[in-house]
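In what follows, every chain begins at residue 1, and chains take the letters A, B, ... in the order their sequences are listed.
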Amino acid sequence: MLTVLMFCTHYSTKNKKRKGERENWRSGDRTPSPLPSPRRRLSVMAKICYQILKYNGQGAMAWKLNNLSSLTTNNQKFTTSEIPTCLVLKFIKHLYSSSTPHLECVNLGHGFNSDTFYASLIDNSTHEIHLNQIHSRIVVSGLQHNGFLITKMVNGSSNVGHIGYARKLFDEFRFPDVFLWNAIIRSYSRSDMFGDVIEMYRSMRWAGVNPDCFTFPYVLKACTELLDFRLTRIVHGQVFRHGFRSDVFVQNGLVALYAKCGLIGNARVVFNGLYDRTVVSWTSIISGFAQNGEAIEALQMFNQMRNTDAKPDWIALVSILKAYTDVDDLEQGRSLHGCVIKMGLEHEPDLLISLAALYAKCGQVTVARSFFDQMEAPNVIMWNAMISGYAKNGHAEEAVNLFRDMILRNIRPDSVTVRSTVIACAQVGSLELAQWMDDYVRKSKYESDIYVNTALIDMYAKCGSVESARRVFDHTSHKDVVLWSAMIMGYGLHGQGWEAINIYNAMKQARVCPNDVTFIGLLSACNHTGLVKEGWELFNCMKDFGIEPRNEHYSSVVDLLGRAGYLDRAYAFILKMPVEPGVSVWGALLSACNIHRHVKMGEYAANKLFSLDPYNIGHYVQLSNLYASSRLWNRVAHVRVLMKEKGLSKDLGYSLIEINGKLQAFHIGDKTHPRAEEIFDELQRLERRLKEVGFIPHTDSVLHDLNYEEKEENLSIHSERIAIAYGLISTAPGTTLRITKNLRACINCHSAIKLISKLVAREIIVRDANRFHHFRDGCCSCGDYW
DNA sequence: TACTATGAAC
């Protein structure tokens, strides 16, 4: 109060200055101007100032409304219901700036002081400032103890998103009735502050006020959100005791609550007990079934619903669709789609989005796209469904193009869009694109979004620049376990096992607890670097963190041991596994047998693989290579027959290189490029120089077919070599060449590229199917460990 | 004076 008095004194002494300042705020100056002072001391205005200051903390803000001069409606009369908000506000402003506000108010008619008038003002308010002013008027009119009006005020405050103001209003009211209690409970519910809902509910009961049929829906919703089973039981008991066993709103709340808690049986009992079922009751039980993975039950319920008076709407369908999307059930989704058409709901935008999401997730990108194209104005979520659908199904370029489209059309991407696009960029593998995307993120508001940054780290690692990945990592201030793990993975991919371990140690220092994924990254980093001892130790300390190893972890260890030549240990390790060994485990053993030419064990592993994963060509090729390296030609032929029987043919190898932002693909012996002649000249030149320095091709790999490419007499025309030659003639000396290959690099090319990097003094970065190879000055970052 | 259900991206 002291502040207010000072405030008023202050302004009455500076009365002369006032006029100029008023001009100022009227002309649109946004800095809060001082309040005009009342001409008469101790006027009504002082009270108003007080209220505004108290409830808003920014009293001057209240005076920033304009167009004051146009109000000349003193003699005009409105009934309360027809007063438009703008006029009301003009009126209030006029009232406030007038020298005799109270009198003018009276002049305007009696209706302007009634509670219905204020109720209409409150209902029309769209901003906290309006409410502040109305509240001031209420206080001035002596209506501050009117429970109805204060309830309205509380509701109004929560509608404009000001829960703190609502709470202040509530706290100042001495004896809140059930309406006011409901209003404050509702306010918390609307602000998703469910803990407070329960707290207020408790206080309400403590104050001896009985909850009514409007109280329980909010309380039940809060129980649903908090997933507090103990509380649920208590509240259910109270519902029972207060006699709301047949109130459909309350009972609907209970159905939803039990369904969300996973107690679908209880939900069903409550639902069956309802004799008056509304759309909401049906939707609650249907989505309950859908969320609990009982899609068939949900659909049956939906069909039942269609035979009732409750007109089914699309909401229930959305939750059933979601259930199908979650389990990739395209067939059921399709039949539901038919249902949607039969019901004439196929133009409902939200259903279209759900359908598109289903089709996109199940790989039917074209169908999803047709929905997308059908929509007049697809929203962000629709764009996101398309972008991530494309990215997930190997159409990464399409995803990026869609993102560009989106920007061109001025549709604001959200963090999910950005993240999905970054993931797509990672798949494309172009560093230039990666940098473009990074730039975009830096300029957007998602610069410090941890999910986006995690995706960026992964993207840079996959696009060949572990340094850039590290830069993003260093610039992210809050690091969670996923971000740390992404960085560890990145180092692993580039064969920098020690860096990965350093990061892991730093992570522990930062008191971030590793998870299963962290260890997958660490173990694969050890694999790619040949750190057998370290990998083994890391595997063994997983249990210290309470992490149960999965197949991925076991296969890493098998790989680690097997590659280092400890085949028997690897085999014994598999036998001791507490879970059934999967494809990755036997695959690791087979490839280790391949390296060390252990035919017997390799055959054993291959047979396991053939029964677990019969249509994966890789296993057959591996076995065939194993036989070939042991010169068991009959068996090689036998494997070939097996492959033919299964109708499997080998993947064609190709390499990509990006020159000036354009991706160029080359197949083996590819002469289709316009500059093919120059390319092959360059290849021959390279070949000559290799011979000069004494390079001897490993002819073995022709037999081995290690990289799955067709058997060729001339190893120098493997696709990565052509890409390198093209890169050399198309870029300035010293430029780093970045190549992506769909298969593993063959040992011959690997050795040749090492030398080439030295001969042409270039860094050559090759991303093969497994990892990155950085060739520089005659060496490869993988240390021949791949 | 007012109430409950629901979903799409990751």
Side-chain angles (χ1 to χ4, degrees), chain A residues 115-116 119 122-123 146-156 158-159 177-187 189-190 211-222 224 244 247-257 259-260 267 271 274 277-288 290-291 298 310 312-323 325-326 348-361 368 371 378-389 391-392 399 413-423 449-452 454-455 482:
Chain A
D115 51 0
T116 43
I122 296 166
D123 287 345
N146 182 319
F148 167 70
L149 279 184
I150 299 304
T151 303
K152 276 270 179 197
M153 279 297 294
V154 169
N155 282 332
S158 86
N159 285 342
D177 59 359
V178 65
F179 289 106
L180 192 49
W181 278 106
N182 286 348
I184 192 69
I185 289 174
R186 181 185 102 112
S187 303
S189 178
R190 287 197 133 204
D212 67 3
C213 62
F214 287 93
T215 319
F216 281 114
Y218 302 119
V219 176
L220 290 168
K221 186 186 162 77
T224 309
F244 295 110
D247 185 285
V248 70
F249 282 93
V250 178
Q251 296 297 312
N252 285 349
L254 278 170
V255 171
L257 168 56
K260 265 269 171 65
F271 178 82
L274 276 171
R277 292 167 191 159
T278 63
V279 191
V280 177
S281 328
W282 284 99
T283 309
S284 303
I285 193 80
I286 289 169
S287 59
Q291 283 160 3
D313 59 11
W314 50 270
I315 297 181
L317 282 168
V318 165
S319 42
I320 304 176
L321 272 174
K322 150 117 167 101
T325 309
D326 283 346
E348 179 59 52
D350 287 347
L351 261 183
L352 278 182
I353 296 173
S354 293
L355 281 168
L358 170 83
Y359 282 111
K361 180 155 185 263
F371 287 116
N379 66 5
V380 189
I381 294 173
M382 186 58 156
W383 284 89
N384 290 350
M386 279 318 300
I387 291 176
S388 74
K392 256 186 244 160
D414 67 3
S415 69
V416 177
T417 327
V418 175
R419 205 164 118 206
S420 312
T421 313
V422 174
I423 292 169
D449 184 303
I450 190 159
Y451 296 104
V452 171
T454 306
V482 186

- Query: With sugar-phosphate meaning primed atoms plus P, OP1 and OP2, does A:Ser354 contact a base, only sugar-phosphate, or nothing at under 4.0 Å between heavy atoms?
  - Reply: sugar-phosphate
- Query: Rounded to the Å, how far apart are A:Ile185 CD1 and B:dT4 P?
  - Reply: 13 Å
- With respect to the side chain of A:Asn252, which nucleotide from B:dT4, B:dC10, B:dT1 is positioned closest? B:dT4
- Item | Residue A:Val416, side-chain heavy atoms: nucleotide from B:dT1, B:dA5, B:dA9 that is nearest | B:dA9
- Query: Which nucleotide, B:dT6, B:dA5, B:dT1, lies nearest any side-chain atom of A:Asp313?
  - Reply: B:dA5
- Query: Over how many whole Å does the gap from A:Phe216 atom CZ to B:dC3 atom C1' extend?
  - Reply: 13 Å
- Message: Of the listed nucleotides (B:dT6, B:dA9, B:dT4), which one gets closest to any side-chain atom of A:Trp314?
- Response: B:dT6
- Query: Going by heavy atoms in the side chains, are A:Arg186 and A:Asn159 under 4.5 Å from each other?
  - Reply: yes
- According to a strict under-4.0 Å criterion, is A:Arg186 in side-chain N/O contact with OP1 or OP2 of B:dC3? yes
- Query: Which of the following nucleotides, B:dT1, B:dT4, B:dA2, is nearest to the side chain of A:Lys221?
  - Reply: B:dT4
- Round to the nearest Å and state the distance from A:Asn159 atom CG to B:dT1 atom C1'. 12 Å
- Query: CG of A:Leu180 versus P of B:dC3: gap in Å, rounded?
  - Reply: 15 Å
- Item | Whole angstrom value for the distance that separates P of B:dA9 from CE of A:Met382 | 11 Å
- Query: Between A:Ser284 and A:Asn252, is any side-chain donor less than 3.5 angstrom from a side-chain acceptor?
  - Reply: no
- Would you indicate which nucleotide in B:dA2, B:dT1, B:dA9 comes nearest to any side-chain atom of A:Ala385? B:dA9
- Query: If you check every side-chain atom of A:Arg419, which of B:dT4, B:dT6, B:dC10 has the closest atom?
  - Reply: B:dC10
- Task: Report the distance from atom CH2 of A:Trp181 to atom C1' of B:dC3, rounded to the nearest whole Å.
- Result: 18 Å
- From B:dA9, B:dT1, B:dC3, nucleotide with atom closest to A:Phe249 side chain: B:dC3
- Message: Determine whether the aromatic ring centres of residues A:Phe179 and A:Phe148 are separated by less than 6.0 angstrom.
- Response: no
- Query: What does A:Tyr218 touch in the nucleic acid at a heavy-atom separation under 4.0 angstrom: a base, only the sugar-phosphate, or nothing?
  - Reply: sugar-phosphate
- Choose from B:dT4, B:dA5, B:dC10 the nucleotide whose nearest atom is closest to any side-chain atom of A:Ser284. B:dA5
- Message: Of the listed nucleotides (B:dT1, B:dT4, B:dA2), which one gets closest to any side-chain atom of A:Pro217?
- Response: B:dT4
- Message: A quick test of your reading: do over 12 heavy atoms of other residues, nucleotides or ligands sit less than 6.0 Å from OH of A:Tyr451?
- Response: no
- Message: Check this one for me: any side-chain N or O of A:Lys260 less than 4.0 Å away from OP1 or OP2 of B:dT6?
- Response: yes
- Whole-Å distance separating the CG atom of A:Asn146 from the P atom of B:dT1: 13 Å
- Query: Considering residues at least two apart in sequence or located in another chain, which fulfil the salt bridge (charged side-chain N to carboxylate O under 4.0 Å, His left out) criterion with A:Lys361?
  - Reply: A:Asp328
- Query: Reckon A:Lys361 touches a base, only the sugar-phosphate, or nothing at all at heavy-atom distances under 4.0 Å?
  - Reply: nothing
- Note on the structure: Contacts of A:Thr215 meeting side-chain contact (heavy atoms from CB on, under 4.5 Å) (sequence neighbours excluded), chain-then-number -> A:Val178, A:Asn182, A:Ile185, A:Tyr201, A:Met204, A:Pro211, A:Asp212, A:Val219
- Between B:dC10 and A:Ser388, is there an OP1 or OP2 to side-chain N/O distance shorter than 4.0 Å? yes
- Message: So A:Asn155, base contact, sugar-phosphate only, or nothing? Heavy-atom distance under 4.0 Å.
- Response: nothing
- Query: Hey, does A:Gln291 reach any base, or is it just sugar-phosphate, or nothing, if we go heavy atoms under 4.0 Å?
  - Reply: sugar-phosphate
- Rounded to whole Å, the CG-P distance (A:Asp247 to B:dT4) equals 13 Å
